[in-house]
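Order of the sequence lines fixes the chain letters, A, B, ..., with proteins taken first and strands second; residue numbering starts at 1 for each chain. These values consider heavy atoms only, across backbone and side chains, with no hydrogens, waters or symmetry-generated copies.
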Number of protein chains: 4
Amino acid sequence: MSETTADGETPAGTTPVGVPPAGAAPKRHRRGDTRQRIQDVALELFAEQGYEKTSLREIAEQLEVTKAALYYHFKTKEDILVSLFQDLQRPIDELIEWADHQPRTLDTKQEILRRYSQALADVAPLFRFMQENQATVRELSVGESFKDRMLRLIDTIKEPDAALTDQVRCISALFTMHAGMFVLRDVEGDPEDKRKAVLEVAIDLVTQAHTGTPGV
Amino acid sequence: MSETTADGETPAGTTPVGVPPAGAAPKRHRRGDTRQRIQDVALELFAEQGYEKTSLREIAEQLEVTKAALYYHFKTKEDILVSLFQDLQRPIDELIEWADHQPRTLDTKQEILRRYSQALADVAPLFRFMQENQATVRELSVGESFKDRMLRLIDTIKEPDAALTDQVRCISALFTMHAGMFVLRDVEGDPEDKRKAVLEVAIDLVTQAHTGTPGV
Amino acid sequence: MSETTADGETPAGTTPVGVPPAGAAPKRHRRGDTRQRIQDVALELFAEQGYEKTSLREIAEQLEVTKAALYYHFKTKEDILVSLFQDLQRPIDELIEWADHQPRTLDTKQEILRRYSQALADVAPLFRFMQENQATVRELSVGESFKDRMLRLIDTIKEPDAALTDQVRCISALFTMHAGMFVLRDVEGDPEDKRKAVLEVAIDLVTQAHTGTPGV
Amino acid sequence: MSETTADGETPAGTTPVGVPPAGAAPKRHRRGDTRQRIQDVALELFAEQGYEKTSLREIAEQLEVTKAALYYHFKTKEDILVSLFQDLQRPIDELIEWADHQPRTLDTKQEILRRYSQALADVAPLFRFMQENQATVRELSVGESFKDRMLRLIDTIKEPDAALTDQVRCISALFTMHAGMFVLRDVEGDPEDKRKAVLEVAIDLVTQAHTGTPGV
DNA sequence: CATGAATGAGGGTTCATTCAT
DNA sequence: GATGAATGAACCCTCATTCAT
């Protein structure tokens, strides 16, 4: 529940369930936001149990609607997943877009990582899902597009003609940030501190890579 | 005694199925290697399509046996997976065992990474599977045991009272090696060269972590 | 709300399936009576062949629906059986309830048997099923509840401190009625006559038991 | 286990498992009696769980042999059941045979019941099985033959032209004895006392029937 | 906006049975 | 006298999806 950051931080102006704004919808469900609620529940369940093991029945039950209702809002099960991506991939797309218009300096690369760290924190559940369901996602239409995004992101910090080790360092920087998201849950410490430590290591890696690259 | 060999003492080393002895019996009873063949095919399909999306029918068909035959050799679908782990996790267990009896010097840590790099290469398909099916594996009995193993491995290279960044570096070292296995497929270059580059970066990270740690 | 009507409020009385309203819709959606029809067919087949030997495929086929349709109306195969009990056990529950509020006179006991005889005739198929599938039913959730009911019924006609033979007589009275239902099919004679003869013997047994009991 | 009287009381001269008579069969299983042991285990399991729910795997496992071994001794699963009947039905056949050669006096009928009571006690497990698996047995080849036996037994105590109630009394006498076997388990008291009480009630019923019959 | 009822395909699993060895 | 390996049929059940209302 708390993991679902889909619509911002927490649906700020939204009435918490069970406390309808005096004189509001009699049916207890806030109206019109069903689509949003489906996405929230779906993301939660997909992340928790995986895409395949989450059935539409389960989603519907948790929402107290019928399966058929889901089909009013989404054409297929995969469509729900796709919609999650479209909503959550945007921050990353914007980052890539931004990066593409910057000079390829070390400063830029570091800033990319900083922004990426933030973006990751914002879309954490989706990332957890991606990380843990690669086999599934790979087959889905959305898989290719996600992989593309990753490769393009790598390209923004990696020099194509750098030494192999330096290329690895850049890739490692990114994956350090990904891994940091879920492995560090088993390490003690303040989440924000951990995020910063991860970012520091990532920046370090990219810096080494950048410095090591001849002619930069 | 029991008809079901399900518990399995792994009749042999990890003999790849390979080609059937040229000119062998055209049909019926490819001898006593069926269990092995099931494991081979299963690992292949699990890694390729994921555990959930691989049906027993599919495995059976590819082996040209019936589904029921699988149940002669394994008690359940999950059992097949578990058996794969038992066979392939051993190298890692041995590594941890070895590491636990070494002094915690930088040299040892570097050697751990070197050996881990080799172990990973040996059990690559299983690792790819793990990496790509975490959501599934997490629920399975085998999930916990795998996570344990990872944490214990991290403990062999990480100093518990090191700075947070240095701890991250160690974790990063390991995950760099994991990521290296499948991300680098999209980078040009000789596989062995790539493996070495990955190893170098990982060793670098651990070295930095070790050096940075006060009092070491 | 929930799609599955499995818990079931028993939409109607024990309407026998009978003939479909002459000249009704030739196909698709015989309206809302499917649940009822499933129960009817299931009871018929369960009674005829036993619970285990009756497959859902068989039930579905006879109804010209798919197996999956059964699962829309009932959560499991056992659930179908349970629902049959809930529908058909009621007459007996009501009898016990009634008996519990009567004085424990001989007249009452005789009336219990009379009413039980009638109740049995009403739910004959279920009883036949129970009688013939005790081994199965015993394991099912419904088994215990049925046994309870029998014991409580026995308690309504049996004095706890009576002589052992008189206790046996009471039990015998009940089982005579049960046996009467299916053994007497092989004896010639009008069914109603036979029912009355059985009832007479049962009443006789209880009367002897009641008279023989000291202090009554 | 204790219910299995198949081979007498307890295989008297038989070595208890695990203590082989010095210099005996090295394989721990007493040799040659496998067929008997299959029957014992099968009867036990059939009576406990029902015929359908008892699988050959289960029987084999409990005997620590393979399913295939069962097929060496019996042609089919049903064959095991049939063999149980052949062994255990004999006492009843002998009783019928004996009864057929006696004068149809009240004394004879009472003696029939006495002997039947004893026979029932001897083959209790089989009877319990019959009672609880009628639906199954009915379809099996053995079903018809068992029913025949019951009808013939009834004929030995029932006058064909008696009043309907008196016929019922005779049937009731028999079924009282059957029911007595398993219903009385829930009544306190010494088993032998209970058996005698049941017998007394049965004799009573037959006596009434005999006396009530005009012209006897 | 949503439901009730249903479907077709497929899932994993278990069974009685066979047969070469 | 028994086993190891396999089969074919059937089982209960779940799924994503559809469509008239």
Side-chain angles (χ1 to χ4, degrees), chain A residues 27 29 31-32 34-35 52-60 65-80, chain B residues 1-5 28-32 34-35 52-60 63-80, chain C residues 1-5 28-32 34-35 52-60 63-79, chain D residues 27 29 31-32 34-35 52-60 63 65-80:
Chain A
K27 243 286 189 181
H29 296 320
R31 285 233 302 295
T34 304
R35 195 188 142 91
E52 327 263 1
K53 296 226 312 211
T54 301
S55 70
L56 294 186
R57 177 181 53 66
E58 223 172 337
I59 297 176
V65 291
T66 43
K67 271 183 292 174
L70 305 185
Y71 279 89
Y72 179 82
H73 293 281
F74 297 93
K75 240 177 39 210
T76 91
K77 186 188 181 188
E78 190 175 340
D79 240 47
I80 300 182
Chain B
M1 210 142 271
S2 131
E3 269 178 299
T4 310
T5 334
R28 203 136 221 200
H29 303 340
R30 225 95 94 259
R31 280 267 288 294
T34 306
R35 195 187 144 91
E52 330 262 0
K53 297 228 310 213
T54 301
S55 71
L56 294 186
R57 178 182 51 69
E58 222 170 338
I59 297 176
L63 285 167
E64 292 184 291
V65 290
T66 50
K67 268 187 295 172
L70 305 185
Y71 278 90
Y72 177 77
H73 294 280
F74 297 93
K75 262 203 322 264
T76 76
K77 185 188 182 187
E78 187 175 341
D79 235 49
I80 300 182
Chain C
M1 214 142 271
S2 132
E3 269 178 300
T4 311
T5 335
R28 201 135 221 204
H29 303 340
R30 227 92 96 259
R31 279 266 290 293
T34 305
R35 193 187 147 91
E52 330 261 2
K53 298 228 310 211
T54 302
S55 71
L56 294 187
R57 178 181 52 69
E58 221 171 338
I59 298 176
L63 285 168
E64 292 184 292
V65 290
T66 49
K67 269 185 294 172
L70 305 186
Y71 279 91
Y72 177 77
H73 294 280
F74 297 92
K75 262 203 320 265
T76 75
K77 186 188 182 187
E78 187 174 341
D79 236 50
Chain D
K27 243 284 187 184
H29 295 321
R31 286 236 297 297
T34 304
R35 195 188 143 92
E52 330 262 0
K53 296 226 311 211
T54 301
S55 70
L56 294 187
R57 177 180 53 66
E58 223 171 338
I59 297 176
L63 285 167
V65 290
T66 44
K67 271 183 292 174
L70 305 184
Y71 278 90
Y72 178 81
H73 294 280
F74 297 93
K75 239 179 41 214
T76 87
K77 185 187 182 187
E78 189 175 340
D79 240 46
I80 300 182

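The interatomic distance linking C:Asp79 (CG) with F:dC12 (P) rounds to 14 Å, in whole Å. Atom pair D:Tyr72:OH and F:dG4:P shows a separation of 17 Å (rounding to whole Å applied). As rounded to whole Å, 12 Å separates atom C1' of E:dT17 from atom CD1 of D:Ile80. Between the P atom of F:dC13 and the NE2 atom of C:His73 lies a distance of 16 Å, rounded to the nearest Å. One interatomic measurement links the two molecules: NZ of A:Lys53 to P of F:dA16, which rounds to 13 Å at whole-angstrom precision. For B:Leu56 and F:dT7, the CG to C1' distance is 16 Å, given to the nearest whole Å. Put simply, CD1 on D:Ile59 is 15 Å from C1' on E:dT14, counting in whole angstrom units. In this structure, D:Leu63 places its CG atom 10 Å from P of F:dA2, rounding to the nearest Å.
Both C:Ala69 and B:Glu52 sit near DNA chain E, but only C:Ala69 has its closest nucleotide nearer the 5' end. Sequence order on DNA chain F of the closest nucleotides to B:Leu70 and C:Thr54 puts B:Leu70 first from the 5' end.
Of the inter-residue distances, the one linking D:Phe74 atom CZ with D:Ile59 atom CD1 reads 9.5 Å to the nearest 0.5 angstrom. One distance of note links NZ of A:Lys67 with CZ of A:Arg57; it measures 7.5 Å at 0.5 Å rounding. Taking OH from C:Tyr72 and OG1 from C:Thr34, the interatomic distance works out to 10.0 Å, rounded to the nearest 0.5 Å.
For A:Lys77, taking side-chain heavy atoms from C-beta onward, the closest of the listed nucleotides F:dC12, F:dT7, F:dA16 is F:dA16. Picking from E:dT17, E:dT14, E:dT3 the nucleotide with the shortest atom distance to the side chain of D:Tyr71 gives E:dT17. When distances are taken from the side chain of C:Ala68 to each of E:dT13, F:dT7, E:dG8, the shortest belongs to E:dG8.
Contact annotation: C:Arg57 side-chain N/O to F:dC11 OP1/OP2 distance is under 4.0 Å. Distances shown here put every side-chain N or O of C:Thr76 at or beyond 4.0 Å from the OP1 or OP2 atom of F:dC12. Remark: B:Ser55 is in phosphate contact with E:dG11, judged by side-chain N or O atoms under 4.0 Å from OP1 or OP2. Within the structure, a side-chain polar atom (N or O) of C:Thr34 is placed less than 4.0 Å from OP1 or OP2 of E:dA6. At F:dG4, none of the side-chain N or O atoms of D:Thr66 fall inside 4.0 Å of OP1 or OP2 (strictly under the cut-off).
Checked by atom type and distance alone, the side chain of A:Lys77 pairs as donor or acceptor with a backbone atom of A:Thr54 at under 3.5 Å.
Of all nucleotides present, only F:dC19 satisfies the Watson-Crick or G-U wobble test against E:dG4, with each distance under 3.5 Å.
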> Step by step, would you call A:Leu56 with A:Ile80 a side chain to side chain contact (heavy atoms under 4.5 Å, CB included)?
Replying inline: CA-CA 10 Å; A:Leu56 294 186; A:Ile80 300 182; 4.2 Å; yes
